[in-house]
Amino acid sequence: MHTDSLGNPVSVGDAASVRLLDDFVMGFIACEARAANVLSAAQDTSPIVQAYCAALHMFAESRDAVANARPFIARAQSGAARATPRERRFIAAVAAWVAGDIAQAIRLHQEQAREFPRDLASLKLGQYHCFNTGDCPGMLRLALAVLPAAADVPYVHGMAAFGYEQCHLMREAETSARRAIAMCRKEPWAHHGLAHVMLTEGRLGEGLAFMQGVSDTWTDLNSFMVTHNWWHVALFLIDLGRDAEALAVYDDEVWGVVKAYSQDQIGAASLLARFELAGIDVGERWQDLADHLVQRLDDHVLPFLDLQYLYGLARAGRPEADTLLRNIEAFAPRAPVSTRAAWQHVGVPAAHGLRAHARGDHAGAIEGLGLALPRLIEIGGSHAQRDLFEQVYLDALVRCGTATALAGAQGILQQQLNGQPESLRLRRQNAAVYRALGLPATSGTPAPA
């Protein structure tokens with residue numbers, strides 16, 4: 001029996017298929033585009049080949065993803081008796097994903113991490129599901145379960161770093177990220193984890209210099225990873241007041257790699273929104289993005305995605321924003337059980353709030369987002385990504401202008417500025433709120449370090 005690069009036995013008889021399986025496994029955990037090469041082996045009826053192809057189709061995060069994945073996972077299941085126990089569990093986990101049972105998929109990936117800790121594709125996929133459901137401790141548990149057996153693989157430390165960071169364990173996150181990078185300088189997920197640490201801790205200049213310093217290694221990556229790391233560069237630039245450079249990063253590095261892909265679309269939408277919230281004119285950029293978002297009206301893969309599609313359409317003035325909102329309302333009560341509460345109690349009110357904000361209805365934005373924010377983690381995404389929704393809520397409070405709204409804005413802004421004293425964006429916003437409250441504009445400005 002052949003083995004993959006991580007030492008896992010694979011039940012395929014063709015050496016060429018083994019090479020393509022390795023492209024999937026190693027490409028997936030290294031965030032490289034070569035993961036898609038496994039589709040070249042789609043005619044190989046080996047169950048694990050078919051399961052990897054099914055997973056790849058599911059990562060499209062589109063309304064067609066499940067239909068495209070079903071034939072592959074059906075073939076994998078029909079041949080599962082020929083697979084190893086490790087492969088059978090992976091097949092079952094992908095089948096649960098295709099069926100919409102994310103809770104079951106996570107349970108299976110947790111079992112795999114304990115019994116086959118060098119199945120790192122399973123680890124990465126399990127973390128993906130935990131991330132999308134807001135289970136940050138689950139992400140960390142998965143990584144820690146495999147570390148004793150896979151400490152020689154740099155990507156494991158990168159995955160551990162992000163789990164630590166999402167659990168607010170910053171020192172552990174930085175240690176793990178730096179260990180991964182020391183083992184392999186081209187470890188973009190570890191770069192990403194360290195960027196999160198530096199953003200959260202307000203180390204903005206240091207974070208920008210770090211990300212720019214390793215950006216030469218962002219080659220041959222999948223479009224999400226390369227655009228998302230540049231997205232983080234843009235966040236640092238926005239906060240440091242380097243607006244023209246941030247816009248250039250959007251134009252040159254964030255939007256346009258794979259315009260049809262969900263993650264590229266939401267990265268663009270959230271960045272354009274952040275530009276505007278920081279007072280940066282984005283020109284006609286919303287229109288180009290909206291031309292691609294109009295294809296997303298019936299997707300409903302994740303509420304986190306739909307909300308950003310809706311905001312982008314609304315900011316572009318497209319009537320399809322109303323269609324998407326109605327579709328979200330209709331889908332929420334019949335969403336898969338694993339995610340139904342997130343759709344109903346977070347997705348629906350947040351969608352109303354975001355559409356209201358995009359159209360200048362600040363009271364409506366406060367109402368809708370105010371209901372959603374306390375449970376926002378349930379829709380997934382990282383702390384840095386979900387911060388967009390709080391920024392929109394904050395902007396609505398400021399623009400509403402009532403004494404109550406401004407008091408709420410002051411409380412949010414001051415805490416943010418205390419944690420990020422380098423942020424020129426927050427300093428400007430804070431000063432404006434203090435003036436509106438009749439307080440000295442310098443009242444909330446942190447003293448120089």
Side-chain angles (χ1 to χ4, degrees), residues 127 131 134 136-137 139-140 143-144 154 157-182 185 187-215 217-218 225 228-243 245-246 249 267 270-271 274 277-278 373 376-377 380-391 393-394 409-431 444-449:
Q127 282 200 326
F131 176 76
C136 303
M139 292 175 62
L140 183 56
L144 295 182
H157 300 285
M159 288 185 264
F162 191 53
Y164 278 126
E165 191 279 330
Q166 290 295 288
C167 288
H168 307 285
L169 297 166
M170 297 299 161
R171 295 283 62 76
E172 294 89 343
E174 182 159 354
T175 297
S176 293
R178 291 194 182 280
R179 182 173 180 184
I181 297 164
R185 182 168 176 265
E187 213 298 58
W189 195 245
H191 302 161
H192 159 261
L194 194 49
H196 271 270
V197 170
M198 292 176 174
L199 179 68
T200 301
E201 294 189 336
R203 295 154 59 186
L204 305 179
E206 182 185 358
L208 176 62
F210 166 73
M211 290 296 275
Q212 289 177 328
V214 294
S215 64
T217 69
W218 300 340
M225 192 73 264
H228 190 65
N229 272 355
W230 281 110
W231 181 89
H232 274 278
V233 171
L235 294 194
F236 288 124
L237 290 167
I238 292 170
D239 271 312
L240 292 168
R242 293 162 64 169
D243 300 352
E245 292 174 73
V249 166
S270 69
L271 201 49
R274 290 162 194 269
L277 293 166
L373 285 175
L376 197 63
I377 193 172
S382 68
H383 306 311
Q385 289 174 310
R386 291 193 306 272
D387 177 64
L388 169 66
F389 303 106
E390 186 159 300
Q391 285 196 38
Y393 178 71
L394 176 61
Q410 184 275 334
I412 295 170
L413 264 173
Q414 190 60 59
Q415 289 184 67
Q416 291 181 350
L417 185 55
N418 290 346
Q420 293 191 339
E422 290 183 48
S423 175
L424 297 182
R425 172 185 64 87
L426 290 173
R427 285 173 180 258
R428 288 194 301 264
Q429 292 173 346
N430 211 40
T445 304

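The figures here come from the full heavy-atom set of this structure, side chains too, leaving out hydrogens, waters and symmetry mates.
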Side-chain heavy atoms of [X] within contact of [Y], under 4.5 Å:
X      : Y      : result
Thr200 : His383 : no
Ser423 : Leu204 : yes
His228 : Gln385 : yes
Leu169 : Leu140 : yes
Glu245 : Leu240 : no
Phe210 : Val197 : no
Tyr393 : Ile412 : yes

State, to 0.1 Å, how close [X] and [Y] come at their nearest heavy-atom pair, and which atoms those are.
X      : Y      : value
Gly267 : Ser270 : O-OG, 3.2 Å
Ala161 : Ala177 : CB-N, 3.6 Å
Gly202 : Gln420 : CA-CG, 3.8 Å
Pro188 : Asn229 : O-ND2, 3.3 Å
Phe236 : Ala195 : CZ-O, 3.6 Å
Ala234 : Ala246 : O-CB, 4.2 Å

Give a yes or no answer on whether the side chain of Ser176 reaches the backbone of Ala173 with a donor-acceptor pair at less than 3.5 Å.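 Side chain of Ser176 to backbone of Ala173, a donor-acceptor pair under 3.5 Å: no, none is there.
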Between Glu390 (side chain only) and Arg386 (backbone N and O only), is there a donor and an acceptor less than 3.5 Å apart?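 Not a single qualifying donor-acceptor pair exists.
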Among Arg179, Glu187, Arg178, exactly one meets side-chain contact (heavy atoms from CB on, under 4.5 Å) together with His157. Which residue is that?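 Going through the options one by one, the only one that passes is Arg179.
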From [atom1] ([X]) to [atom2] ([Y]), nearest 0.5 Å:
X      : Y      : atom1 : atom2 : value
Met198 : Leu235 : CE    : CG    : 14.5 Å
Leu413 : Arg425 : CG    : CZ    : 8.5 Å
Leu388 : Leu271 : CG    : CG    : 10.0 Å
Glu422 : Asp239 : CD    : CG    : 9.5 Å
His191 : Arg185 : NE2   : CZ    : 7.0 Å
Phe162 : Cys136 : CZ    : SG    : 8.0 Å

Can you check side-chain contact (heavy atoms from CB on, under 4.5 Å) on Leu208 and Val233, steps first, answer last? CA-CA 6 Å; Leu208 176 62; Val233 171; 3.8 Å; yes
Using 30° and 60° as the class limits, which term best fits the ring planes of Trp230 and Trp218: parallel, tilted or perpendicular?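 Judged by the thresholds at 30° and 60°, the geometry between Trp230 and Trp218 is perpendicular.
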Pair His232 and His192, ring centroids less than 6.0 Å apart: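 Yes: the rings meet the under 6.0 Å criterion.
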Tell me every residue that passes side-chain hydrogen bond (donor to acceptor under 3.5 Å, both in side chains) with Gln414, counting only those two or more places apart in sequence or in another chain.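 So Gln414 forms a side-chain hydrogen bond (donor to acceptor under 3.5 Å, both in side chains) with Asn418, Asn430, Tyr434.
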Qualifying residues under salt bridge (charged side-chain N to carboxylate O under 4.0 Å, His left out), relative to Glu201, sequence neighbours excluded: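 Glu201: salt bridge (charged side-chain N to carboxylate O under 4.0 Å, His left out) contacts with Arg171, Arg203.
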